[in-house]
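Here is the structure we will look at.
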Amino acid sequence: VAMKYDNRLPPILFLQMDNCWRECKNKFLLAFLGYLVLRGIFKEVEVGYLLVGHTHEDVDQFFSRIASTLCKRDATTVQELIHAINQSYPNVQTSEIDAMLDIKAFLGDVSNNLEQHSCPHSFRFTKGLDGKLIFEYK
């Protein structure tokens, strides 16, 4: 993304995610998005969660094509999976991630006070004039 903006990220990060509390709507992810605003990486982060029954987005089509490729042959290694993705989408750059941040340990106690966040479908993170995080939802 930064390459499209002359090696700078845009001021606002817009995310649209599946409304799954385990992977996409948990307190650690939301706390991390707030952290990105507090650190000044983005001035604002807006997250929209799809309504139940309305989750058929372009990302579903993306993975469907990869699944079709994998129906023809197994991918038992990371390199075979990368090859299958590249065969499904020749213009997509694919790489292996060899390290992952332990977000729970990194954030520590910062996410402990987050509650009642499973029902809203839209969140916005900004920084107030006092430098504190503003967390809005509807």
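Excluded from the calculations below are hydrogen atoms, water molecules and symmetry mates; all remaining heavy atoms, backbone and side chain alike, are included.
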Just so I know, are the side chains of [X] and [Y] near enough to count as touching, which here means a heavy-atom distance under 4.5 Å?
| X | Y | answer |
| --- | --- | --- |
| F42 | I12 | no |
| V37 | L13 | no |
| T126 | L133 | no |
| F125 | L36 | no |
| E136 | I134 | yes |
| Q16 | E46 | no |

Fill in: E96 vs Q79, side-chain contact (heavy atoms from CB on, under 4.5 Å): CA-CA, chis, key distance, verdict
CA-CA 8 Å; E96 180 180 357; Q79 288 305 317; 3.8 Å; yes

Between [atom1] of [X] and [atom2] of [Y], what distance do you get to the nearest 0.5 Å?
| X | Y | atom1 | atom2 | value |
| --- | --- | --- | --- | --- |
| N86 | T94 | CG | OG1 | 3.5 Å |
| L33 | F28 | CG | CZ | 13.5 Å |
| Q93 | I85 | CD | CD1 | 12.5 Å |

Worksheet item: Between D130 and K132, is there a donor-acceptor pair closer than 3.5 Å when you use the side chain of the first and the backbone of the second?
Response: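 Yes, because the side chain of D130 sits within donor-acceptor range (under 3.5 Å) of the backbone of K132.
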
Worksheet item: Are I66 and V78 grouped together when hydrophobic residues (ILVMFWY) are joined by side-chain heavy atoms under 4.5 angstrom apart?
Response: no

Worksheet item: Can you tell me if CG on D74 sees more than 12 non-hydrogen neighbours from other groups inside 6.0 Å?
Response: no

Closest non-hydrogen atom pair, [X] against [Y]:
| X | Y | answer |
| --- | --- | --- |
| T69 | A84 | CG2-O, 3.9 Å |
| K127 | L38 | NZ-O, 3.3 Å |
| S95 | I82 | C-CD1, 4.3 Å |

Item to complete: I would like to know whether L81 and L70 meet side-chain contact (heavy atoms from CB on, under 4.5 Å); could you show each step before the answer?
Response: CA-CA 8 Å; L81 178 60; L70 291 173; 4.2 Å; yes

Fill in: R124 to Y137 six-membered ring, cation-pi geometry met (6.0 Å, 45°)
no

Worksheet entry | Derivation of the side chain to side chain donor-acceptor pair (under 3.5 Å) call for R65 and Q87 | CA-CA 10 Å; R65 250 172 97 180; Q87 191 172 22; over 6 Å; no

Discussion item. Less than 6.0 angstrom separating the ring centers of F106 and Y35, yes or no?
Written reply: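 Yes.
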
